[in-house]
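Below: the structure, in structure tokens.
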Number of protein chains: 2
Amino acid sequence: MADNKAKIDRVFHALGDPTRRQILERLSAGPVSVSHLATPLKITLAAVVQHLQLLEESGLVRTEKLGRVRTCRIDPAGLAVAQQWIADRRSTLEKRLDRLGDLLA
Amino acid sequence: MADNKAKIDRVFHALGDPTRRQILERLSAGPVSVSHLATPLKITLAAVVQHLQLLEESGLVRTEKLGRVRTCRIDPAGLAVAQQWIADRRSTLEKRLDRLGDLLA
DNA sequence: GCATTAGTTAAGTACATACTTAAGTATTCA
DNA sequence: TGAATACTTAAGTATGTACTTAACTAATGC
């Protein structure tokens with residue numbers, strides 16, 4: 001639970017970069033190799049690899065290497081962490097508004 | 001729709017900083033003044049004001065000034081933008097897995 | 001009116017980050 | 001075996017970012 005804070009930090013930091021979100025958008029359509037992933041992006045392959053490392057450490061992406069090709073795919077668990085944090089904020093928010101409504105009624 | 005991209009960029013960039021998320025956690029419990037918001041944080045008031053400017057520009061927070069006190073509260077619209085982006089990723093992800101399941105069945 | 005409170009704004013600094021190039025390894029193919 | 005492919009890794013750079021201090025404005029209280 002307290003350990004979860006570090007995970008939330010990593011996930012939201014990873015999501016903070018537009019290039020990494022673009023990578024996730026691509027991966028939600030299906031798994032692809034690193035070089036295939038790099039093609040539409042206007043950065044070098046090396047830069048893409050660095051983004052992928054961060055995405056993997058944050059739990060947003062999983063990869064596996066077969067031969068010389070590394071295949072990347074979305075790990076739903078990472079997105080779930082972010083979604084949960086947002087849901088938690090909205091939940092306490094709505095509970096508070098409900099109590100406020102009760103008082104007024 | 002294409003304009004929405006800039007909004008998503010701003011929201012996720014804002015959420016990328018742990019101090020700003022801490023501010024949002026505080027605000028989800030209810031509206032507070034700037035100095036009240038700053039007290040538990042180990043940074044100067046000036047730094048808090050700078051975070052608040054970013055949070056307001058990104059649509060995550062609304063503020064209003066009465067006399068010399070600025071009251072800050074969460075704007076649910078900002079969180080909704082982030083939530084929607086994540087939901088969109090998971091949606092395309094699940095659709096793909098469904099099609100895969102259909103093929104196997 | 002004067003001091004205090006609450007916030008603002010500007011300028012500077014130190015560190016983080018996204019990128020590059022370049023030189024490497026491991027795998028596949030002819 | 002040798003060339004091409006698919007990454008990998010290290011090192012350097014330039015820009016961003018979060019923060020500070022300091023000097024300011026505006027509202028409130030005595």
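Keep in mind that this is a model prediction, so the values were computed, not measured. In the text below, chain A, chain B and the rest are named by the order of the sequence lines, each starting its count at 1.
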Open item on the list: According to ring pair (Phe, Tyr, Trp, His ring centres under 6.0 Å), does anything in residues 16-59 of chain B pair up with another residue at least two apart or in another chain? List the pairs.
Closed with: none
Task: Student check: side-chain heavy atoms of B:L55 and B:L24 closer than 4.5 Å - done: yes
TODO: State, yes or no, whether a side-chain contact exists between A:L54 and A:D17 at a heavy-atom distance under 4.5 Å.
DONE: no
Open item on the list: Please list, in numerical order, the residues of residues 30-39 of chain A that have a heavy atom closer than 4.0 Å to any atom of DNA chain D.
Closed with: A:S33, A:V34, A:S35
TODO: In sequence, state the C-alpha distance, the side-chain angles, and the governing distance for A:R20 and A:H13, and then conclude on side-chain contact (heavy atoms from CB on, under 4.5 Å).
DONE: CA-CA 10 Å; A:R20 284 192 290 268; A:H13 173 239; 4.2 Å; yes
Open item on the list: Rounded to the nearest 0.5 Å, what separates atom CD1 in B:I8 from atom CZ in A:R21?
Closed with: 7.0 Å
Task: Minimum heavy-atom distance between A:C72 and A:L27, given as atom pair plus value - done: O-CD2, 3.4 Å
Task: Selection: residues 48-63 of chain A, any non-hydrogen atom under 4.0 Å of DNA chain C - done: A:Q50, A:H51
TODO: Name the first nucleotide and the last nucleotide along DNA chain C (5' to 3') that come under 4.0 Å of a heavy atom in chain A.
DONE: C:dT17 to C:dT28
TODO: Any pair with a residue in residues 72-87 of chain A that passes side chain to side chain donor-acceptor pair (under 3.5 Å), sequence neighbours left out, goes on the list, sorted by first then second residue, please.
DONE: A:E64-A:R73, A:Q83-B:R90, A:Q84-A:D88, A:W85-B:E25
TODO: Decide whether A:V61 and B:L97 are clustered together by the hydrophobic rule: side chain heavy atoms of Ile, Leu, Val, Met, Phe, Trp, Tyr closer than 4.5 Å, transitively.
DONE: no
- [ ] Could you state whether B:L93 and B:L100 fall into the same hydrophobic cluster, counting links through intermediate Ile, Leu, Val, Met, Phe, Trp or Tyr residues with side-chain heavy atoms under 4.5 angstrom apart?
- [x] no
Task: Spatial distance of atom CZ (A:R10) from atom CG (A:L60) [nearest 0.5 Å] - done: 10.5 Å
Open item on the list: Taking any heavy-atom pair under 4.0 Å as a contact, classify A:I43: base, sugar-phosphate, or nothing.
Closed with: sugar-phosphate
- [ ] Using heavy atoms to find the nearest nucleotide of DNA chain C for A:T19 and B:A46 separately, return the residue whose nucleotide is more 5′.
- [x] B:A46
Open item on the list: Rounded to whole Å, how long is the line connecting atom NE2 of A:H13 with atom C1' of D:dA18?
Closed with: 13 Å
TODO: Look at A:D9 together with A:K5 and state whether they make a salt bridge at an N to O cut-off of under 4.0 Å.
DONE: yes
Open item on the list: Within the structure provided, determine whether A:V34 and A:L52 are in side-chain contact (heavy-atom separation under 4.5 Å).
Closed with: yes
Open item on the list: So which atom in A:V69 and which in A:S33 form the shortest heavy-atom distance, rounded to 0.1 Å?
Closed with: CG1-CB, 3.8 Å
Could you write out each protein N or O paired with an N or O of nucleotides 24-27 of chain D at a distance under 3.5 Å?
| from | atom 1 | to | atom 2 | distance (Å) |
| --- | --- | --- | --- | --- |
| D:dA27 | N3 | B:R68 | NH1 | 3.3 |

